[in-house]
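Because the structure is predicted, anything quoted here is derived from the model rather than measured. Start at 1 and go down the list; that is how both ligands and their atoms are numbered.
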Amino acid sequence: MTGPRRISPFPKDFLWGAATAAYQIEGASNEDGRGPSVWDRFCATPGKVWEGHTGRSACDHYHRYRGDIRLMNALGLQAYRFSISWTRILPAGRGKVNPKGLDFYDRLVDGLLEAKVRPFCTLFHWDYPTVLFDRGGWLHRDSPSWFADYTSVVAGRLGDRVRDWMTFNEPQCFIGLGHGTGGHAPGLKRPVRQLLKMARNVQLAHGLGAMVLRSECPGEVKIGWAPVGMVSYPVSTKPADIRAARLATDSCHRDHLFNNTLWSDPVILGRVAPEARRAYGKLLPRYSDADLRIMAQPMDFYGVNIYQGTPVKAGRGGKAETIPVGEGNPRTLFHWNITPPSLRWGPKFLHERYRLPVYITENGMSNPDWVAEDGKVHDPQRIDFTRRYLRELRKAVGEGVPVKGYFHWSLMDNFEWAEGYKQRFGLIHMDYQTQKRTPKDSYYWYRDLIRKRGAV
Ligand code: IFM
């Protein structure tokens, strides 16, 4: 019997990390002056979240962050991606600042730096203030400046120590799922025309936020964002299949906003994507030159969250033809297809279009893990999944794609939005009744992987 093939080591400066988000781990949702977010309200609405779960306690990271940093340290983590809860800082979304909220992130960042874990801070990971939502939310024309004001408060407090920033996590989801299908907070089902307007406001918010970070953080800053990577990958390395997969990765569909280019072209290339113009036509709002100038602030990296992709081949006239992954293809507990090549071709295509260094800001899988009779958590699937995906990522690096780091989603099991605590993504198992943390087998495997720069 032979073991899995080894991956060749990643470059020395490649950064190994793990990621979380505020509402998914912090808990303490009513403490120390935190204000309500749309997710608190959504969770309190019967039937919205699996078995009525809420983020009220989650992993109680708000109180246990010191222990969690020790766990990061023992893992050998080099970087940690976390998000700030807007309503801990500004309980009503704007106006009066809550010093206790800022103190928390201050202590967290200091703790990380003491432990030599580089903080990567996401400003917005979905927990939008209810007060601002009730005023019109992302449709309100002032919504970009609300975000800029919030960014300014955070930059003023953490900007002397945090260097790496992301403005938004997965705008496709908080607009598409939150305001389109209604499966996520705030649970609206708005037509595409309105979603496109919201998208434009998010892009403006990104631009204003980036300006604030550059002008108000005292030190050097590195700015990116972290959209979902909607990846198509070629079924072979024939040039025609590669071209078709690239076309599909860049394309937009008129019925929804789950794509790459509607979002990232204005923000990085300072233009509306031709693919978006073709797909949405008159539904698109006006992007004035002044809007585009605000949106297209210099970016230092492209953060991308990749979990799965779609296999594609060249069909008639070179058109992209989707190939079914096949009956019985391996899937995660979420039923997401396991498609390792998405981590090779996704960063490659995105780099070709946007010419920025890339971080994989999320990748991982959900699994029904539990503590076995021997007291350990055995998750061979997660190890196998991660090894397969990283082998493909290593190919991209070998092919010259400047991928600078990888953040596993997630450091610990946590509140998986509408799925509640059903889906476990962590390297660390959580017992939500006792708050006991148990590192899984994958945690020790990832520790060794970090030590060997990926050569496992
Ligand atoms: O848990 C989420 C995260 O908040 C955003 N990206 C996908 C993860 C898994 O669904």
ask   = Going by distance alone, is a donor N or O of one side chain under 3.5 Å from an acceptor N or O of the other, for N305 and N169?
value = yes
message = Regarding E275 and N259, do their side chains bring together a donor and an acceptor under 3.5 Å, going by distance alone?
response = no
ask   = Any idea how Y150 and W86 line up, ring-wise: parallel (<30°), tilted (30 to 60°), or perpendicular (>60°)?
value = parallel
key: Check ion pair R88-D127 (N to O, under 4.0 angstrom)   = no
request  = Provide the full list of salt bridge (Lys or Arg N to Asp or Glu O under 4.0 Å) pairs with a residue in residues 42-61, sequence neighbours left out, each pair given once.
outcome  = D60-R64
Check ligand 1 for N or O atoms under 3.5 Å from a protein N or O and list each pair with its distance.
unit_1, atom_1, unit_2, atom_2, d
ligand 1, 1 (O), Q24, NE2, 2.9
ligand 1, 1 (O), W409, NE1, 3.3
ligand 1, 1 (O), E416, OE1, 2.6
ligand 1, 4 (O), Q24, OE1, 2.7
ligand 1, 4 (O), H125, NE2, 2.8
ligand 1, 4 (O), W417, NE1, 2.8
ligand 1, 6 (N), E170, OE1, 3.1
ligand 1, 6 (N), E170, OE2, 2.8
ligand 1, 6 (N), E362, OE1, 2.5
ligand 1, 10 (O), E416, OE2, 2.7

request  = Ignoring hydrogens and angles, state whether a donor on the side chain of R157 or Y105 is under 3.5 Å from an acceptor on the partner side chain.
outcome  = no
